[in-house]
Structure formats: structure tokens, C-alpha cells
Number of protein chains: 2
Amino acid sequence: MGKDITIYDIAKEVGLSPTTISRALNDHPAVNLKTKQRVSEVAGQMGYRTNLFASNLRRQHTHTIGVIVPRLNSPFMSTVISGMEKAATEGGYNLIISQSLETLQKEQANAKTMFDSRVDGLLVSLSYETDDLHHFEPFISRGIPVIFYDRVAEHEQCTSIVIDNLQAAYKATSHLVEQGCTNIMHITGNLKRNVYSDRLKGYKYALIDNNLPYNEQNIIVNNLSEEAGEEAAQQILKMKKLPDGLFVSNDTCAVSCVKTLKQAGISVPADVAVIGFNNDPICRVIEPNLTSVNYPGSEMGELAVKALILRLNGSTEGIASNTINLRSELIIRESSLKSKVAGKKWGQLAPK
Amino acid sequence: MGKDITIYDIAKEVGLSPTTISRALNDHPAVNLKTKQRVSEVAGQMGYRTNLFASNLRRQHTHTIGVIVPRLNSPFMSTVISGMEKAATEGGYNLIISQSLETLQKEQANAKTMFDSRVDGLLVSLSYETDDLHHFEPFISRGIPVIFYDRVAEHEQCTSIVIDNLQAAYKATSHLVEQGCTNIMHITGNLKRNVYSDRLKGYKYALIDNNLPYNEQNIIVNNLSEEAGEEAAQQILKMKKLPDGLFVSNDTCAVSCVKTLKQAGISVPADVAVIGFNNDPICRVIEPNLTSVNYPGSEMGELAVKALILRLNGSTEGIASNTINLRSELIIRESSLKSKVAGKKWGQLAPK
DNA sequence: TCAAGCAATGAAACCGATTGCATATATTTG
DNA sequence: CAAATATATGCAATCGGTTTCATTGCTTGA
């Protein structure tokens, strides 16, 4: 439990003032090269480590980035965080992470904690409930950059990082139409969130552009959980006329739908073609394998951190402080292939 | 971008000294109740927030917990982290998280960063490669508590939080024996890590106790990834005599094995009964559903943080500063049920 | 030879909260 | 009523780097 070494201790040892030690350690140009070398050598020997509080206190920044996320334990979000951690470490920043558990109240509490912790910048993906952005005002009014990712909101001062959800949904829906679907349902999440409302729009426009009727009865809004998927499937099974296509806004829910439908004797994709969203690992486990939209989580996380660090380093340039779009892509698998793969599928189901 | 309010500003406003403001804000007993109320009222109005650097600098602690984890984006680990975040927030602590990506080198770098960030305590799950604990010495020698969870190591000064891997593996293997398996293989991870070596032991002892031969040829050690699972399955398919049981140390790998075996025309569980580990969501998606060991990730995370906070608050009691064991349980599903469920299974595969 | 210019270093203030010790007033006790 | 004890508050030092503004000693050019 030895005492910590400070620059004063080093100063005494080397026979210089703390000022010079500080400068030497920070590679200040006005310090003689030999002095720097000697200082860094002695510092190493003595086991010196800088006291970040003292430094932060004086410099008024923390080298810490705050992250507020709806849930940590989803395949997508943990991948995003993983990317963030990577970029943050590379850039010499620490990450403080908290989850809103999809409630506005916790999101506000988290924002407050982040504010008190004086993070240099904030990375936010909004909860289901969030419908105003007051709790981020303290940051914005003090010039602390806030960047939204994935679940974003419009704000004058904030950058958003997203995929083109509308386009992705448009492509997914169009693909179902190409497969011959004419009665396509859509299951999605809370429409307050851009990701879900944009996907709904993409779905809708694709129908309209293909001269198919858009019908509100064909929309189910739920929380996209496993249970919700089961319920949605039950609801679908009760319909007079079954849909022949189903576009679901995440994979967890889509998979749970498929399972329930299969148990009820419905064949996927022959009776109902299904597409999910996120391209989680389960897509390649469910039978039939699930067509899904590949979502670049890790890149999104990295990009968010990099964009933030760029801003913190003063580059008002570089990022037009607006919206950054990432590419996504439709990964086509059996679950949506009505025509050609029917044979293949039966072949698989009867291995002998 | 207004300047921050300090206790000096409040002092001026209320007409008291900064000392009293500080004490009032910290609910110090020597301050008059009315004064406290007035101070907290004015502080609220002025939008005061405490400067944690100044406070930390003076108090010499950070209210921050460091977490080093092999990977963030695994279902199990993200669940653990989720539990940690919950407990930390409740206890008024922040979490700084970094990942070692299974390399010793990154783990050491992470430890250094955590040390420089002066975390109050450290929560660690070891990387595959780690074989010495030098990089944690700086913490230990300064009395900063280090707690290992899941992937732990023996250390005089450190608490470990684990499940009884030996027992869990013993039960899993015994279950396979009960199902009539006599030639059981085991796929597991790097044996440096307790979780894998203990599971191997459990497997071994179960065989011995059931008078079955233990054979090193029946052990495959890999990194338990999806690809590794496929390779392992290929390797198994080339064997002269196929095993009739397979116990895999995680679900990702187990599922990938099952997929590959099925593609090769092997029936699970009829030909090979399979058990995984972790009880990830995919267990209930793969066909047949995978028997697995349920691993209380969220609880483990919560417990780790709570134990740490207890230690930080001086309770040398409470935790016998040794090993804490969590309960795990074998969740039996179709993939391991040779006998009774064969009929049920065929019923499912031929829905019509 | 001397003023100007530069390189290297230091003294002291500062960041904002905390705390040991001292002080001033109020209350109690003998 | 004086002494003893509480009660409430303030002074000033402290935590450990950072930074502004000198200062010192040399080199350089006229």
C-alpha cells in the first residue's frame, strides 16, 4: 500500500522543478531532449503514474465518453459496444456505459449521471419511450457533443449515425413481392423511433410502388421480443386469410414467429415467406434459415466514437454535423425464397 | 457554454463559506438543518453539479469500477455486463469496460489503463492466453480489490465468483450416460482456464464413476467458435466409430456441430445426443432444441459488483474473500433425449 | 562590445472540493 | 453567574498536475 509517486517526487530525485517534470512528461517543446529522457527514465523506475483527477481538474476534460444504450444484452447492441470499445481504446478514451432498459425515466437518470461525471461527449441510442430530448439540453448548452446512433432523433446540434432503414425495408418488401407475395404483413416496434417508423415507410412505399394495397390491419406494433413474436403469430393464425409474406423488424421476433407458425403446421416459406432484421446469428440456426438485413453494428460503434473524437479535437469540419449513413444489405436465405428453393428445402427435411 | 457553478458561487449567493456549503451538500451532521435546506435549494436553482475530479482528487477514490472482459459481444458476457451495470448504478458507481479480445497483451494494456484511471476496484474474467497474473500486482499491492468472475485464477488476495463447473459437467455427462450413451466425446476450450479444465474433470469423473473408459482421443480442444464447431464435427465424421454422445463447452460451438452433423445425415439425438453449455437463446431455436447448462450471467454480474462494493465499504467481513459459488442447472431438451422423445421428434419433422 | 533573440527552467497561481483545527455563539450545568 | 459543553461556522492547507509569466544564461549579429 505504498504511497503514490507524484511529479514532486520525481522533481526532487532529478533535481528540477515540478513544472519541468510536468512539461517533460507531456513532451512539451520547450524542454531539453536530454532532460525529457532523464525524466521519463526516472519516472519509469519510480513507478510513476499520472493522476488523472489532478490533470482533468486543471484541464477541464475527462477523456471519457458516455454511452447510453437501451439494453446491453442484445446481439446487435453488444456488437455496437464492442466496436465502440475498440475505437475508444485506440483513441485513448474510456467508455462509461449505462442502459436505459427502454424507459425514459432511466434514460434521464443516466443522462444526469453522465453529466455529473463530466463526460467529454455522449453517445446515445434512444429508449422506446423517449419522446422529448430535454435531458440532453445540459450537454448541448455547454457545448458537450451528443451523437445519436441507430435510434436517433432530429436535433439541430447533434449528429446522427444510422443505416437507411427506409431503403432497407423497401428492398426487403420488394424482395417478398418478387417472390410472388401479394399479402404481406409487417411487424415492427414503437413508431416513435425512427428505425421502426422508417421501416414502416419503406414497407409501405414498396407496396405502393408495386401496386399492392397498403392496409393498416396488416401492421402489428409490439416490443419485438420473443414473447411478442409468439403472440403476433397467434394473432396471424386467427386471421381469415393468412398473409403470404411477413416482414419483421428484428430477428428475435421473426424467429419466434417462424417457430410458432411452424408448430401450427404452416410452412415457411411455402405458405408464408419471412424476412427479419439485424442478421443476428440465430438467422443461420432457425430452419429455414432466415433472410435478414445485415446491420453493421461494430462499424456503427466504431464510427460513432471516431466521429465524436474528431469533434472533440476541434474538427468542426469532417463531419457536416448532420446525418451519417451506413450501408446495409439484404441477406437472402431460404425463409423468403418461395419459388426455386422449395425442392431444396424438402430435400433437407428428409435427410434419409 | 456558461461557466460551471462551484461551491464558491453558492457560498457567495447564500452568504456562507465554501466549507459550510461543502458540508451542507454532503449532509454533514455539524450543519444546521435549515442551512442545509437553503443551500440545497440555491444549489438546485443555480444548476450546481459537483466536480467529481476535485472531489476525487481530494478523497482519493473514483467511485468507478473497472471491468475487463474477454469479449463484449457474446450472449453470456453481455448478460453479465448488464447485471453489473444494474448493480453499479444502484450502488452509485460507474463502470469502465474494456475487452481483452482473448489476448494476454490486450489484457495487460487494459489493466494498465484501469490502473491509471485509478478505478476503485477491478472485475476480471481472464482471456484464453493469460497464464500469469503479474499485471494485477499493482492493484493488489496498493490494496485495490480485484475480483475474478467466471474465468478465474487462484490468488491469495482475490475473491472468485464462479459456478461449479465440475459438478455441472458431471451432471451433463451423467445425463448422457443415463440416456444410454457409452462413447461420449467432449469439446472444450483452452484448458488454462478453470471453466474448461473443470468441465473436463467433471466429464472425466462422470465417466469413471459410471465405469466407462476415459480416453484422451475423445477430447477436442478448440476456441469454441462457430467455425471450430464445424471443424470439430468434420473431424468426428471421419472417425471410424462415431460417438453416441457429445458434450460441448458452449452453445455456439454445440449448435454449429449439430448443424454440420445433421447436414451429413447424422440424426441428433438418435445417433448422437448433444449437450451444450450456457443456455443461450439459440438453444431453443436449433432443431432439435439443445440441452444445456443454464448459467446465471446477470446474477453473476450483479453479485460481482455487490461483492466489490461491500469490500470497498470496508466490510472485510461478509465475503470470506475466497470463492463464491453460484447455482447452475441442467436444462434438458430434445437434443439429449435418446429414448422417450424419438417418437415426438419424428412427429415434429413430418408436420403433415 | 552590447542589445536582441532564443532556449531552458522555475515560482506561484490555479482547478474545486474536502477537512483538521480554530473560533464564536448558544445552551446547559453546578 | 461562571464554567463546561454543544452547536454552527470559517480559515487555510491540501490533493497533484497545468499554465502564465518571469528569469537566467547563451548565442548571434551589428
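By convention in this document, chain letters (A, B, ...) are assigned in the order of the sequence lines, proteins followed by strands, and residues within each chain are numbered from 1.
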Original post:
So, is A/Arg58 near the phosphate of C/dC14, with a side-chain N or O under 4.0 Å from OP1 or OP2?
Top reply: no
Original post:
When only distance counts, do a donor and an acceptor, one from the side chain of B/Arg49 and one from the base of C/dG16, lie under 3.5 Å apart?
Top reply: no
**OP:** For B/Leu25, answer base if it contacts any base atom (sugar-phosphate contacts may also be present), sugar-phosphate if it contacts only those atoms, and nothing otherwise; contact means non-hydrogen atoms under 4.0 Å.
**Re:** nothing
Original post:
Taking only side-chain nitrogens and oxygens of B/Thr20, does any of them come within less than 4.0 Å of OP1 or OP2 of D/dG10?
Top reply: yes
Subject >> Check ion pair A/Asp131-A/Lys192 (N to O, under 4.0 angstrom) >> reply: yes
Original post:
So what does A/Leu16 touch, heavy atoms closer than 4.0 Å: a base, only the sugar-phosphate, or nothing?
Top reply: sugar-phosphate
Original post:
Is A/Ser22 touching bases, backbone alone, or none of the nucleic acid, heavy atoms closer than 4.0 Å?
Top reply: base
**OP:** Look at the side chain of A/Thr19 and the base of C/dA11, then say whether one donor and one acceptor between them are separated by less than 3.5 Å.
**Re:** yes
Original post:
For A/Ser55, which contact category applies under a 4.0 Å heavy-atom criterion: base, sugar-phosphate, or nothing?
Top reply: sugar-phosphate
**OP:** Find out whether A/Arg23 and A/Thr19 are in side-chain contact, i.e. whether some heavy atom of one side chain is under 4.5 Å from a heavy atom of the other.
**Re:** yes
Subject >> Residue whose closest nucleotide on DNA chain C lies nearer the 5' end, A/Gly15 versus B/Tyr48 >> reply: A/Gly15
Subject >> Rounded distance (Å) that lies between atom P of C/dA17 and atom CG of A/Asn56 >> reply: 15 Å
Original post:
Ring centres of A/Phe136 and A/Phe115 under 6.0 Å apart?
Top reply: no
Original post:
How would you label the contact of B/Thr6 with the nucleic acid (heavy atoms, under 4.0 Å): base, sugar-phosphate, or nothing?
Top reply: sugar-phosphate
Original post:
Contact class for B/Asn26 (heavy atom, under 4.0 Å): base, sugar-phosphate, or nothing?
Top reply: sugar-phosphate
**OP:** Report the C-alpha separation of B/Thr103 and B/Glu129 in whole Å, then their side-chain angles, then the decisive distance to 0.1 Å, and conclude whether the side-chain hydrogen bond (donor to acceptor under 3.5 Å, both in side chains) test is met.
**Re:** CA-CA 6 Å; B/Thr103 73; B/Glu129 295 182 2; 5.1 Å; no
Original post:
Nearest-Å distance, CD1 (B/Ile10) to P (D/dG10)?
Top reply: 14 Å
Original post:
OP1 or OP2 of D/dA8 sitting under 4.0 Å from any side-chain N/O of B/Asn32?
Top reply: yes
Original post:
B/Asp4 CG to C/dG16 P: how many Å, rounded?
Top reply: 7 Å
